[in-house]
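Basis for what follows: all heavy atoms, side chains included, without hydrogens, waters or symmetry-related copies. Convention: sequence-line order gives letters A, B, ...; per-chain numbering from 1.
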Number of protein chains: 2
Amino acid sequence: MPFGSYIRDLRECRHSDDRSYSLRQVAQRVGIEPAYLSKIEREVASPPSEATIRRIADDLGENPDLLLAMAGKVSKDLQEIIIRRAPLFADLLRNLREAPDHAVLRIVREVRDGDW
Amino acid sequence: MPFGSYIRDLRECRHSDDRSYSLRQVAQRVGIEPAYLSKIEREVASPPSEATIRRIADDLGENPDLLLAMAGKVSKDLQEIIIRRAPLFADLLRNLREAPDHAVLRIVREVRDGDW
DNA sequence: AGTACTGTGTAGTACACAGTACATAATAAC
DNA sequence: GTTATTATGTACTGTGTACTACACAGTACT
């Protein structure tokens, strides 16, 4: 699903039982013009900047990494992590490309409880 | 070390025993204007596009992921890998942020020989 | 002294990104 | 049934990216 329709659905879902989730009010809280948010939702405009996506995610209560991904973006903080040790992490990621979710999850847990 | 000075040093090193590594000739092989490469090397211009960095890496025999990192960029193919499973990989990377190199390397090997 | 190479200065192009501003049309509330 | 609110259409702006084109200047050979 594209970014625009996704956040529109999400917002309309919130709107259905909370009147403060109109396009205008969300736009105001997020700090952009309603016309611009309208265009984003209808995919007339491409997804906004990372900062704006984060504020939208915050307002709609959605995972920011997921929204960024739907917008075709990778969070700046993740990019930083990779850039610091580029060849190493490049290698890791390319090796994990085809790994099934559960294998990656196992590694996440292993690392989190890791005693190196 | 910044991107510009790094590739200048690298090129001049090659140049010292191979005359075909002049700024002009490298620029021609890479497919950009010499004046532009000059500006990149002196950091008058910011680093070029990913595609151009790849061609430079290729010509100078350097690791493309390393050059991209020095330019503050993350390779598009790596971004793709993350984007496909954003929340999962975001979690993994943030957990690996502080992990020492050898721990990451161990995981790389583990995954490469992995039987899931 | 001429030519052949080396790098650099200046100027400008084309296009994408991230929006604003205002007018108008549709819908809901009272 | 008018007022208030909602969503859209159109037009425009400023900033960054990724370059090109061409003229100029220094050095090296011969």
Whole Å only: how far is the CD atom of A/E33 from the C1' atom of D/dG14?
16 Å
Rounded off to whole Å, could you give me the CG-to-P distance for the A/D18 and D/dT6 pair?
12 Å
Any side-chain N or O of A/R19 below 4.0 angstrom from OP1/OP2 of D/dA4?
no
When the distance from CG of A/L37 to P of D/dT8 is rounded to whole Å, what number comes out?
10 Å
Which nucleotide in the list C/dC22, C/dA18, D/dT6 gets nearest to the side chain of A/Q25?
D/dT6
Rounded to the nearest 0.5 Å, what separates atom CG in A/D91 from atom CZ in B/R112?
7.0 Å
Below 4.0 Å: OP1/OP2 of C/dC5 and any side-chain N or O of B/R24
no
Rounded to whole angstroms, how far apart are CD on A/Q28 and C1' on C/dA21?
16 Å
For residues B/I56 and B/P48, report the shortest heavy-atom separation together with the two atoms involved.
CD1-CG, 4.2 Å
Can you check whether B/L96 reaches A/F89 side chain to side chain, under 4.5 Å on heavy atoms?
yes
Which comes earlier along DNA chain D counting from the 5' end, the contact point of A/A35 or that of B/Y36, where each point is its nearest nucleotide?
A/A35
Would you call B/R54 and B/E50 a salt bridge, taking side-chain N to carboxylate O under 4.0 Å as the test?
yes
For C/dT8, does OP1 or OP2 lie under 4.0 Å from any side-chain N or O of B/R8?
yes
Presence of B/T52 side-chain N/O under 4.0 Å of D/dA18 phosphate oxygens OP1/OP2:
no
A/I32 has an atom CD1; how far is it from atom P of D/dA7, in whole Å?
13 Å
Tell me which of B/L23 and A/K73 sits closer to the 5' end of DNA chain C, going by the nucleotide each one is nearest to.
B/L23
At less than 3.5 Å, do the side-chain atoms of A/K39 and the base atoms of C/dT20 form a donor-acceptor pair?
yes
Roughly, in whole Å, what's the span from NE2 in A/H15 to C1' in D/dT6?
8 Å
Using the closest heavy atom to pick a nucleotide of DNA chain D for each, name whichever of B/S49 or A/R11 lands nearer the 5' end.
A/R11
Separation of D/dT6 P from A/E12 CD (nearest whole Å)
14 Å
Would you mind reading off the distance between A/I56 atom CD1 and C/dG19 atom P, rounded to a whole angstrom?
9 Å
Would you mind telling me which of C/dT8, C/dG7, C/dT20 lies closest to the side-chain atoms of B/S38?
C/dT8
Salt bridge present between B/D77 and A/R94 (N-O < 4.0 angstrom)
yes
